[in-house]
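Keep in mind that the numbers below use all heavy atoms, side chains included, and drop hydrogens, waters and symmetry copies.
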Amino acid sequence: MRSFLECILRRQRVMERRRFSLATESSTSGVSIRLFGQYGCYSARRHTFVNTRFIQSSARTRAISNNLSSQLCYSILRRNSSSISAPQMKEREVWVQSQNRLLSLQNGSFNNDHWREALKLLRLVPYLQFNREIVEGSFLLMDRLSEEMSPDRHLPIEIVQRVLGSWQRVVVRENPAAQLDPETVKTKIARYTDSRLVHPDEALHLHNVILRVLGDIRDPQKAQDYVRWIETSTQLKAGSMIYRTLMSIGSDRGVPQLVEDAFNALNSGYEKGSEQLRPAAKDHVLRLQSWSKAGNPEMATLSLRDMIFSDDFQPDRRHFHSVLQAWANSKHPQAARKAEECLRLMDKLSAKFDSCSPNEFSFNHVINTLVYSNLPGSIQRAETLLLEMQSRGIKPDVATYNSIMSNYAKSTSPEDFRRVEQLDQERRNRGLERTAITYTSLMSAHARNGGVEEMESLFQEMKGRYMNGDESVKPPYAAHVLRLQSYSKIGDADNATLALSEIIANSNQSGYLDRKPGTQEFTAVIEAWARSGRPEAIDKAEAGLRQMIKLSQQGRYKCHPNVFSFTAVLSAHGKSRAGLSADSGQRALAIFNQLKKLSEKDPKNKLLRPLFVTYSNVCLSLIRSKDETAAKTLQSLLNELRAKDKEFWVASGNVSYPVGSIVHELQMSKIGNKNELIQQFEQLLTATR
């Protein structure tokens, strides 16, 4: 039995049994054993499952009589895998005591037994929960080992890697202190290399760990500087491992230029004759994806071109899709043309590489780019690509129809509305189910063409399917807002209020919406009341404005009212002929003055600057009211308008209609000097043209 155990210990080769995890490492008689799982380990040599309790008892009989083996190793051996992540504080204390005892030895008294004991301590570092004190003590211990170097003593590279791995986790979990910052550790590794404690050929592996830490703590610039330091301040040459780590950091942190620089360094070294630095396929792909995610289609296209002309790389349609996606997401004026060129390049290469043949996703990317480019003839070109797909035997999917339908749905043209219905019928004939985007496009088409009832029916159908468990048709926030704005535009205040209440109810923690309503949504309800013409419209609009102010002050919603919110309330005053009283003009003027005070308090906020339509609604409210001071107030507002700069009139747009409304109301009013006011407003209109 003893020889069997020694065989296991000597070979150090064990196979992990299913659902077993690494528990610990201990040392008995200077030989390392490895235990897996809670119950035992598997012997690769004799194909025998060995009971862990037997190994523990044998280890006790063979342990070296020192603090490390008797107090610490046995304690770790007794613990199972579930408790490794939370070691007892006593074990740390024993480790620190053993470390302090070794550090207190005088120079010259550090013998081979002490050296082996130090190595045992360093091997146990990863199993002590990545404690900061333990990691700092490990570096102090390695500093002492570098001072006690001799020809027969060396530090195995795997031990240093374990310590650096523990340091990496501590730094990522906590802010690096002075003792553990990457700059200090970099200096230590350089000193270990100079003292031959670590072989120079193995030092790059250690520097690579420090480089990964710089990426983990989100400092890609320091990572790049670190590589420059390796190349200029040491006798080492940054190999492919260092450059690929740098590329990974740049990709993870969204710095594509870092990826580009590292790739160019690899390629430059390869062109100078270093076969080791030859860029691999994954390097090309990482470079391409980094530029694509960063929204730089030009560099993504350049990366794809380099991949195509690479001798040992076969392009794939997925790489083309990354470039097509970059063009689709960009706002480049030539995006549509470039996307089509990329599609034609796929056709050209498909004769040589079957993997480059375009599929429905390839066409969808190009159609999306065309649809959202808003260029003349783009929708017709998208329709042509749809026909090309069908002629080539490529079946359009629901995303293809959604893209084209969403473009037609933005139009109020009856022909475009009929085309939306035709595309929806084609989709149905192909057996494709409606998605949330399909429903939203159809809702938009019906709402823009006066079909509010059909829009509501589509929304309820989508919501019903989602409530029955169909996650693919979860009503998006855009559909809720579209419904709200549709009711707002026709002045249906009750349904607009109901739509906003539904958004609020579904935006809480138990709801399915991923955002809360803001200023735009609350303003839409006020506008609905302003357009309703109902007697209570003024009171409801003012109540809505007060609610916005209260909710924004409480921090519950980001609905701080802007110039459009105030203008909507003033519009309720200006448009309503019912419910006007002697003080209605003064109420409108008070709301207008409230907006002016907010604008003066925050002059840089353009969303608080009154527009001409804001002034016109105040004027209309004053004219329709029975206020005796209306003429004087109108003259004061006219003087303010004459003093406005060009920026005000540009932001206000065409003012012919609101000026005409004011002139018409003045002609119908009983204001004494109305003819003089009419003349001044007409002169103001002439001056702004």
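- The main-chain N or O of Met307 is never found under 3.5 Å from a side-chain atom of Ser310 such that the two would form a donor-acceptor pair.
- Within the 3.5 Å criterion, the main-chain N or O of Pro297 finds a donor-acceptor partner in the side chain of Thr301.
- The environment of OH in Tyr512 is crowded: more than 12 heavy-atom neighbours from other residues, nucleotides or ligands sit within 6.0 Å.
- Ring geometry for Phe612 versus Trp649: interplanar angle of 30 to 60°, hence tilted.
- In this structure the side chain of Gln224 never reaches within 4.5 angstrom of the side chain of Gln257, judged on heavy atoms.
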Show the numbers, then the answer: is there a salt bridge (Lys or Arg N to Asp or Glu O under 4.0 Å) between Lys558 and Glu521?
CA-CA 11 Å; Lys558 295 180 180 180; Glu521 290 73 32; over 6 Å; no
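- With hydrogens and angles left out, the side-chain atoms of Asp347 and Ser350 include no donor and acceptor closer than 3.5 Å.
- For the pair His319/His284, no side-chain contact is recorded, criterion being any heavy-atom separation below 4.5 Å from C-beta on.
- Between the side chain of Ser378 and the backbone N or O of Leu375, at least one donor-acceptor pair lies under 3.5 Å.
- Counting only distance, with no hydrogens or angles, the side chain of Asp470 and the backbone of Tyr466 share no donor-acceptor pair below 3.5 Å.
- Of all the heavy atoms in Cys342 and Val323, the pair that sits closest is SG-CG1, 4.3 Å.
- Between Trp327 and His332, the ring-plane angle classifies as perpendicular under the 30° and 60° cut-offs.
- Of the charged side-chain nitrogens involved, none lies within less than 4.0 Å of a carboxylate oxygen, so that Lys489 and Glu527 do not count as a salt-bridged pair.
- Looking at residues two or more places apart in sequence or on another chain, you find a salt bridge (Lys or Arg N to Asp or Glu O under 4.0 Å) between Glu260 and Arg287.
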Give the intermediate values and the outcome of side-chain hydrogen bond (donor to acceptor under 3.5 Å, both in side chains) for residues Thr519 and His560.
CA-CA 6 Å; Thr519 301; His560 190 78; over 6 Å; no
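- Within 6.0 Å of CG in Asp354 there are 12 or fewer heavy atoms belonging to other residues, nucleotides or ligands.
- The closest donor-acceptor contact from the side chain of Thr567 to the backbone of Val563 lies under 3.5 Å.
- Using a cutoff of 4.0 Å between basic side-chain nitrogens and carboxylate oxygens, Glu298 and Lys338 are not scored as salt-bridged.
- Under a 3.5 Å cut-off, the side chain of Arg317 and the backbone N or O of Ser357 do form a donor-acceptor pair.
- Using a 4.5 Å heavy-atom cutoff, the side chains of Met548 and Ile526 are in contact.
- Side chain of Asn407 to main chain of Val371: a donor-acceptor pair is present (N/O by atom type, distance under 3.5 Å, no hydrogens or angles).
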Assess the residue pair Leu349 and Leu345 against the criterion (side chain to side chain contact (heavy atoms under 4.5 Å, CB included)); give the C-alpha distance rounded to whole Å, side-chain angles, the decisive distance to 0.1 Å, and a yes or no.
CA-CA 6 Å; Leu349 289 176; Leu345 180 60; 4.3 Å; yes
Go through the steps to decide whether Asp225 and Arg228 satisfy the test salt bridge (Lys or Arg N to Asp or Glu O under 4.0 Å), and finish with yes or no.
CA-CA 5 Å; Asp225 295 340; Arg228 293 196 188 100; 2.7 Å; yes
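- For Gln325 and His365, the side-chain atoms include at least one donor-acceptor pair closer than 3.5 Å.
- Side-chain contact, Tyr408 with Glu421: no donor N or O sits under 3.5 Å from an acceptor N or O.
- In terms of modelled atom types and a separation under 3.5 Å, the side chain of Asp645 and the main chain of Phe648 share a donor-acceptor contact.
- Taking each heavy atom of Val185 and Leu164 in turn, the nearest pair found is CG1-CD2, 3.8 Å.
- For the salt bridge (Lys or Arg N to Asp or Glu O under 4.0 Å) test, residues two or more places apart in sequence or in another chain that qualify with Glu461 are Arg434.
- Between the side chain of Ser290 and the backbone N or O of Gly250, no donor-acceptor pair lies under 3.5 Å.
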Go through it in stages, so that I can follow the logic: the residues are Arg465 and Glu471, the test is salt bridge (Lys or Arg N to Asp or Glu O under 4.0 Å), and I'd like the CA-CA distance, side-chain angles, deciding distance and then a yes or no.
CA-CA 8 Å; Arg465 285 180 57 187; Glu471 288 287 337; over 6 Å; no
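- A heavy-atom distance below 4.5 Å is not found between the side chains of Phe459 and Tyr439.
- When side chains are defined from C-beta on, Leu304 counts as touching Ile308, because their heavy atoms get closer than 4.5 Å.
- No more than 12 heavy atoms of other residues, nucleotides or ligands shown are found within 6.0 angstrom of CZ on Phe564.
- Cation-pi check for Lys516 over Tyr557 is met; the charged atom lies under 6.0 angstrom from the ring centroid and within 45 degrees of its normal.
- Between Glu158 and Arg162 there is no salt bridge, since none of the side-chain N atoms of the basic residue sits less than 4.0 Å from a carboxylate O of the acidic one.
- Here the side chains of Leu266 and Tyr270 are not in contact, with every heavy-atom distance at 4.5 Å or above.
- Between Ile394 and Glu360, the closest heavy-atom pair is CG2-N, 3.6 Å.
- Within the 4.5 Å cutoff, no side-chain heavy atoms of Glu433 are placed close to those of Val398.
- Within 6.0 Å of the NZ atom in Lys410, the count of heavy atoms belonging to other residues, nucleotides or ligands exceeds 12.
- Within 6.0 Å of atom CZ in Arg344, more than 12 heavy atoms from other residues, nucleotides or ligands are found, so the atom counts as buried in its surroundings.
- Ser251 and Ser248 share no side-chain donor-acceptor pair at under 3.5 Å.
- Checked by atom type and distance alone, the side chain of Ser444 pairs as donor or acceptor with a backbone atom of Ala409 at under 3.5 Å.
- No more than 12 heavy-atom neighbours from other residues, nucleotides or ligands sit within 6.0 angstrom of CD1 on Ile437.
- Counting heavy atoms from C-beta outward, Ile504 and Pro517 have side chains that approach closer than 4.5 Å.
- The cationic atom of Arg427 (NZ for Lys, CZ for Arg) does not lie both less than 6.0 Å from the six-membered ring centre of Tyr401 and within 45° of the ring axis.
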